[in-house]
Amino acid sequence: MAKTTYDFAEIEPRWQQVWEEKGVFHASDDLSKPKYYVLIEFPYPSGQGLHVGHPRSYTALDVVARKRRMEGFNVLYPIGWDAFGLPTENFAIKTGQHPIAVTRRNTDNFRRQLKRIGFSFDWSREIDTTDPNYYRWTQWIFLKLWEHGLAYKNEMPINWCDSCKIGLALEEVKEGTCERCGAPVVRRVRSQWMLRITKYAERLLNDLDTVDYLPKIKTQQANWIGRSTGAEVDFRIAGHADKRMRIFTTRPDTLFGVTYMVLAPEHPLVGELTASCSNPAEVKAYVEAAARKTDFERTEVVKEVTGIEMKGVRALNPASGKEIPIWVADYVLISYGTGAIMAVPGHDERDWRFARKFGLPVVEVISGGNVDEAAFTDIDKGTLVNSGPLDGLKPDVAIKRMTELVEKAGYGHATTQYRLRDWIFSRQKYWGEPIPMVHCPACGWVPVPEDQLPLRLPEVERYQTTGTGESPLSLIADWVNVPCPKCGGPAKRETDTMPNWAGSSWYFLRYIDPKNDKALASPEKLKYWTPVDWYNGGMEHTTLHLLYSRFWHKFLFDIGIAPTSEPYKKRTSHGLILGENGEKMSKARGNVVNPDDMVRDFGADAFRLYELFMGAFDQPIPWSTNGLVGMSRFIQRVWDMQEKVSAKAALDAATNRLMHQTIRDVGERIESMKFNTAVASLMTLGNHFGTLDAIPSAAWEKFLVMLFPFAPHVAEELWSKLGHKDLVSTQPWPKFDPAQAKEDVIEVAIQVNGKVRGRIQVSSGATPKEVEAQALADDSVKGSLEGKSVRKVIVVPGRLVNIVAS
RNA sequence: GGGCGAGUGGCGGAACGGCAGACGCAGGGGCCUUAAAAGCCCCUGACCCGCAAGGGUCGUGUGGGUUCGACUCCCACCUCGCCCACCA
């Protein structure tokens, strides 16, 4: 038989069609089988099409999904579209096309691209967040959140571009300027829907202990939630018996060192006290100037600290009883803690700088440093001084003691503070889920009744911005003006839409029962399929998407919908694929690689192998189209080997041993996400086959079964060429037998004082003593041991012998 | 400023504290061919000694430490990447 070229262009689509026709990758609803739920982050179908970064995660978990099926699990590996989003809306505005049409075109393109790579997705469960049958349930969850007091309206600043006349999402703000026009972004206060994620802060943090996430993912979530323990303390204001200034501190031990107070410019007390101070005009001017500043200006690190004293008003230090000045400064944020701080310049760096600049007193209350030169902030060292009852205590003890004193005296208490903010859930955009609320002048906010869901996005003439900051929906009078669902009087719909994080916060539940029109999914199926067993995605989603979806899931658990309190059992992440030049891939840099080109030139299998082989899965790796060449050579070599396969060839010891070692390595490496070395060990076995005159068919078949998750098309084709009527897809994953992987004779290195001087062959059954004797007797070490005496011999079984001599 | 990663041949990268460089790419030599491409075989960390077979020294960002033994563990530092950033 003459050698042929592996014709991927003909073979790959053919098998894709067979798999699809037979539905081999469909998850079954036979709930008696053990299940395994594999999940990748569903893509945002952008106009640019798939990027070689997407398949990295999809291929890796595709390997896992295929292996699990072969291990006998009922596997759910679904796919869908996270299709609401700004780029689509912007493209629609620019070209005058309807976002629905744009989305359909983009998803069609993505679907075509993904199918050509041969992922084992269950396409029968495809979902789309912009489908009213899907967002009906997103809206339903919102109504439940509202019912349970977790959704509320609040005045919140938004990022506003004065030149585009539009509110911007955080991702549209680049270094304080508008991404599209470059004008500075200012803050504008607007009434917005908020979700009370902070109510779940404690559980979101504590329950990290119950899940199997990569440590760095846990750390990042924990830092984002940002729990700090400390105390809230009330400071009285001289001459204002009715007013209290409440602050949060993590260092109540330094209370005696407080020499002034600082309020955020937006703090209500600023307004209330302005009239009582002797420089009201100056204070007002400062507050107004701060409001005009952009967030970027306010948080710029290099910026000089600024502030203004509220002259004539004084706070009372509850510890020392002294009167201290009150300042207003924009380095204090209204959004964290209580928006007011006690300043301890001796032991806080920012307070120290501020005190220096404005000539405020610095008092040392913890000895151990030199507060004239720098703030002494080391909490583990030093001793309390100038602090009355705390003198002589260590800071950690003093914190507890002072908190007790404060509680006893009734002007404060121990408390926990989170960095996590409530979730701003409103967007003033068209292309998002309408928020199903109606505002009635008589009844206030009234939810749209559940039986009226989905509340569909109305057709609009223009998606252009309104110029007022309202969503384009506000321009459609007959949609906005509706009778109040409660009293029937004239009312108006909410015109804000949901952020694109909404649809992705629960999508993994919809895959479980995607066509259910009675519930977001049936309880039995939810019980069977949740939680997701393995979820892989990008590190960039750790703090937003991952946290938001955990929050929604916990809420759904609390109201009896979700059967588990955590959505994902295991979460891993992949590294970014960079351009060939080592820079981030982007259109602007001109270094984007299109998977279509790769699949056209090298085939889907070579592309998949390269995605896995290119490097450590969790590291960022530059793309190299050259690397694909090696993969297609490997596939071609495997293709050529089929001629040498023989049922008559005896399975020799070396081949059998290597085969079992490969079964072990490939299996272990898939589980530990070392896909690059898993491919390498398949290559090693392939290279060994290359050296044989005839390949025993027993070994060849096991090889094809193991190759299948990585390069499914060629594996399926070669399997069928053996005359099999069934599919390699449905073969069981091979069993590893340690006894058969064991070597009979092992080469052991002999070292003298840590340097390799020779090698010996030892039998695998030899005892350490026998190995030692054999090593000492070997000629190769004679020279190195000349004139020395052996002090010690270390035998590492199966590895080496180290002779320590001097 | 904080958090998290990472620094290994010409390149991508391997390596439970135990023979550094698996597996590939690129490069060199050979076979095949009228020739080329493809394929196959061999070589390929640096330096030194030797005609050769072979032998030796140095080598995992830098400097220390622990250990019989360190790419791996500990301390300090340098460089790069990502995320967060005046968080009281």
Side-chain angles (χ1 to χ4, degrees), chain A residues 3 5 214-220 222-224 226 228 230 247-251 254 262 264 298-303 305 329-333 335-344 347-351 353-354 417-421 538-540 542-543 573 575-576 578 580 582-584 609-610 613-616 618-631 633-634 636-637 640 665 674 676-684 686-687 690-691 747-759 783 791-806:
Chain A
K3 283 190 180 178
T5 304
L214 291 181
K216 63 175 172 180
I217 296 176
K218 286 191 184 184
T219 311
Q220 229 181 77
N223 290 345
W224 187 262
S228 51
I247 60 91
F248 171 74
T249 179
T250 55
R251 296 295 302 271
T254 62
V262 189
R298 266 185 76 165
T299 58
E300 224 173 350
V301 181
V302 289
K303 189 200 66 161
V305 281
D330 66 6
Y331 80 88
V332 174
L333 306 175
S335 57
Y336 185 76
T338 62
I341 62 156
M342 61 177 214
V344 188
H347 307 283
D348 180 279
E349 237 156 89
R350 269 167 318 157
D351 296 345
R353 267 188 288 137
F354 194 84
Q417 188 70 43
Y418 295 92
R419 208 195 74 119
L420 188 66
R421 300 270 78 84
M539 277 310 282
E540 70 275 21
T542 302
T543 48
S573 77
L576 216 61
L578 308 170
E580 300 229 26
E583 288 172 31
K584 214 169 178 165
L609 282 173
Y610 180 65
F613 185 72
M614 61 193 303
D618 60 344
Q619 292 305 123
I621 310 281
W623 181 263
S624 160
T625 300
N626 249 339
L628 265 151
V629 174
M631 300 305 111
R633 279 183 198 150
F634 170 63
Q636 181 64 46
R637 270 201 306 277
D640 293 340
D665 290 348
K674 294 183 171 175
N676 53 338
T677 54
V679 173
S681 71
L682 285 169
M683 287 176 166
T684 304
N687 290 346
T691 65
E747 191 181 73
V748 168
I750 313 176
Q751 298 184 331
V752 175
N753 293 333
K755 288 198 196 299
V756 179
R757 297 298 172 190
R759 291 152 204 293
R791 303 271 173 223
K792 196 174 176 183
V793 180
I794 288 124
V795 179
V796 184
R799 297 261 179 193
L800 55 70
V801 178
N802 189 13
I803 301 167
V804 186
S806 58

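Here is how names work: the chains are called A, B, and so on, in the same order as the sequence lines, proteins then strands, and each is numbered from 1.
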Once you apply a heavy-atom cut-off of 4.0 Å, does A:Leu800 come out as touching a base, just sugar-phosphate, or nothing? base

Looking only at the side chains, is there a donor atom on one of A:Tyr610 and A:Asn626 sitting less than 3.5 Å from an acceptor on the other? no

Whole angstrom is fine here: how far is it from CD1 in A:Ile794 over to P in B:rC19? 14 Å

Rounding to a whole Å, what distance do you find between A:Leu576:CG and B:rC4:C1'? 15 Å

Candidate nucleotides B:rG24, B:rA88, B:rG69, ranked by approach to the side chain of A:Met631 - the nearest: B:rG24

Which part of the nucleic acid, if any, lies within reach of A:Ala343 when heavy atoms closer than 4.0 Å are counted: base, sugar-phosphate only, or nothing? nothing

Between atom CZ in A:Arg637 and atom P in B:rG39, what is the gap in whole Å? 9 Å

Toward the 5' end of RNA chain B, which comes first, A:Val629 or A:Ser681, by nearest nucleotide? A:Ser681

Whole-Å distance, A:Lys674 NZ to B:rG24 P, equals 19 Å

In whole angstrom, give me the gap between the P atoms of B:rU33 and B:rG21. 38 Å

Please check if the number of heavy atoms outside A:Glu349 that lie under 6.0 Å from its CD is greater than 12. no

Reckon A:Arg633 touches a base, only the sugar-phosphate, or nothing at all at heavy-atom distances under 4.0 Å? sugar-phosphate

Minimum heavy-atom separation for A:Thr250 and A:Ser228, please, with both atom names. CG2-CB, 4.0 Å

When all nucleic acid strands are considered with a 4.0 Å heavy-atom cut-off, which category describes A:Asn687: base, sugar-phosphate, or nothing? sugar-phosphate

Between A:Ala749 and A:Val756, what is the shortest heavy-atom contact and its length? CB-CG1, 4.3 Å

Nearest-nucleotide comparison on RNA chain B, the residue closer to the 5′ end among A:Gly337 and A:Lys216: A:Lys216

If we take the P atom in both B:rU57 and B:rG65, what is their distance in whole Å? 22 Å

Please measure how far the P atom in B:rC11 lies from the corresponding atom in B:rC47, and state the result in whole Å. 15 Å

